[in-house]
Amino acid sequence: MSAKRRRMQLLDDQKISQEEDEVAIENEKDSVASKYFQKTKMRLPSVFYNKPCIDLAKSFLGQVLVRKLPDGTELRARIVETESYLGGEDEASHSRGGKRTERNAQMYMKPGTIYVYQIYGIYFCMNVSSQGDGAAVLLRSLEPVVGFDEMRKFRSGRRNASKPLKDKELCNGPSKLCQAFDIGKSFNCRDLASDEDIWLEAGYEVPEDNIVSCARIGIAYAGEWTHKPLRFYIKGSQYVSVRNKTAENSVTSGETNSQEDK
DNA sequence: CATCTGATGTGCT
DNA sequence: GCACATCAGATGA
């Protein structure tokens with residue numbers, strides 16, 4: 001574990017124990033199982049998701065996605081890359097032109113609703129509905145925090161398995177993270193603010209200075225929308241799917257998140 | 001590092 | 001029928 005990551009972990013622990021205290025005080029008189037505290041203390045609430053698409057895509061950076069497996073094991077990874085898909089006018093969005101079908105209905109649902117769709121027959125991508133009609137945020141890359149072995153196992157599926165994956169290869173792509181977290185179509189339509197098996201917990205806020213904004217990936221067909229800066233990632237992160245050095249250099253910040261390869 | 005290609009099947013036209 | 005918000009492996013520099 002690098003010094004950097006240790007520092008981040010410490011920051012998290014501080015935040016977590018703070019919130020723990022607050023919740024404990026709030027529920028002092030209630031005799032609710034401690035399990036309840038475990039789940040509610042860190043979970044980001046419904047109101048967190050109720051913001052405009054671009055704001056949400058940026059606020060996701062630094063937050064932690066948690067997945068509870070059937071056996072109780074919890075996987076954790078920090079969101080480091082997202083994309084905004086706006087409503088009707090966005091030619092790259094599944095909701096372009098106000099299109100609304102059975103497949104993309106979740107994009108129009110309550111902010112925080114998960115939209116999972118299958119792509120190229122074999123992969124899944126996970127989005128979260130935001131404020132705005134037909135708007136959603138695509139999760140593109142995560143930095144693994146807890147559960148490396150499980151993620152590696154879920155990811156070994158259709159590959160050679162000749163060489164073990166590096167940590168940074170576990171979740172550096174929208175479908176890779178779905179594999180690593182074992183997220184499939186059954187997660188479609190669930191609510192991140194209340195679901196038992198998946199949720200977001202407070203990590204840290206990434207300052208605007210440390211966010212790279214650039215073009216989205218894989219939407220070359222979208223005309224003028226192809227080059228709009230609707231992809232966001234933490235500057236310097238080694239866990240991002242595709243880095244854009246040009247865009248990184250135009251971000252006015254001295255600090256980066258460079259880390260050694262693993 | 002960059003670029004290319006095959007895999008694969010659902011949802012929409 | 002065809003397009004597709006991808007990935008892994010191969011190849012060349």
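In the text below, chain A, chain B and the rest are named by the order of the sequence lines, each starting its count at 1. Scope of the values below: all heavy atoms of this structure, side chains included, with no hydrogens, waters or symmetry mates.
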Can you check the [X] [atom1] to [N] [atom2] distance for me, whole Å?
{"X": "Leu165(A)", "N": "dA8(C)", "atom1": "CG", "atom2": "P", "answer": "7 Å"}
{"X": "Arg100(A)", "N": "dC12(B)", "atom1": "CZ", "atom2": "P", "answer": "13 Å"}
{"X": "Gln106(A)", "N": "dA5(C)", "atom1": "CD", "atom2": "P", "answer": "16 Å"}
{"X": "Phe232(A)", "N": "dA5(C)", "atom1": "CZ", "atom2": "P", "answer": "18 Å"}
{"X": "Tyr115(A)", "N": "dG11(B)", "atom1": "OH", "atom2": "C1'", "answer": "10 Å"}
{"X": "Arg96(A)", "N": "dT13(B)", "atom1": "CZ", "atom2": "P", "answer": "9 Å"}
{"X": "Asn188(A)", "N": "dG11(B)", "atom1": "CG", "atom2": "P", "answer": "10 Å"}
{"X": "Tyr117(A)", "N": "dC4(C)", "atom1": "OH", "atom2": "P", "answer": "12 Å"}

Donor-acceptor contact below 3.5 Å, side chain Glu83(A) vs main chain Arg140(A): no
With a cut-off of less than 4.0 Å, is there a side-chain N or O of [X] near OP1 or OP2 of [N]?
{"X": "Lys99(A)", "N": "dG11(B)", "value": "no"}
{"X": "Tyr221(A)", "N": "dA5(C)", "value": "yes"}
{"X": "Arg231(A)", "N": "dA5(C)", "value": "no"}
{"X": "Arg155(A)", "N": "dA8(C)", "value": "yes"}

Is Glu81(A) paired with Arg231(A) through a side-chain N to carboxylate O contact shorter than 4.0 Å? yes
Run the salt-bridge test on Arg190(A) and Asp197(A) with the 4.0 Å N-O cut-off and return the result as yes or no. yes
At under 4.0 Å between heavy atoms, what does [X] touch on the DNA or RNA strands: base, sugar-phosphate, or nothing?
{"X": "Arg103(A)", "value": "sugar-phosphate"}
{"X": "Leu138(A)", "value": "base"}
{"X": "Glu83(A)", "value": "nothing"}
{"X": "Met107(A)", "value": "base"}

Can you give me the closest heavy-atom contact between Ile234(A) and Gly62(A), atom names plus distance? CD1-N, 4.1 Å
In terms of heavy-atom contacts, Tyr108(A) and Lys99(A) come closest through OH-O, 2.6 Å
Can I get a per-line list of side-chain donor-acceptor pairs under 3.5 Å for residues 45-54 of chain A, giving both atom names and the distance, sequence neighbours left out?
from: Asn50(A); atom 1: OD1; to: Gln131(A); atom 2: NE2; distance (Å): 3.0
from: Lys51(A); atom 1: NZ; to: Phe48(A); atom 2: O; distance (Å): 2.7

Flag yes if Leu69(A) and Phe124(A) sit in one hydrophobic cluster, no otherwise; membership is Ile, Leu, Val, Met, Phe, Trp, Tyr, and two members link when side-chain heavy atoms are under 4.5 Å apart. yes
In what stems does DNA chain C take part, counting only runs of at least 3 consecutive Watson-Crick or G-U pairs whose two distances fall under 3.5 Å? B:1-7 with C:6-12, B:9-12 with C:1-4
Between Tyr120(A) and dT6(C), do the rings stack, that is, sit under 5.5 Å apart with planes less than 30° off each other? yes
Could you say whether the aromatic ring of Tyr85(A) and the base of dA5(C) stack, counting only centre distances under 5.5 Å and plane angles under 30°? yes
Taking the side chain of Ile122(A) as its heavy atoms from C-beta onward, which of dC12(B), dA5(C), dA7(B) lies nearest to it? dA7(B)
Salt bridge (charged side-chain N to carboxylate O under 4.0 Å, His left out) for Glu169(A) and Arg155(A)? Distances and angles first, verdict last. CA-CA 9 Å; Glu169(A) 292 171 326; Arg155(A) 285 274 287 119; over 6 Å; no
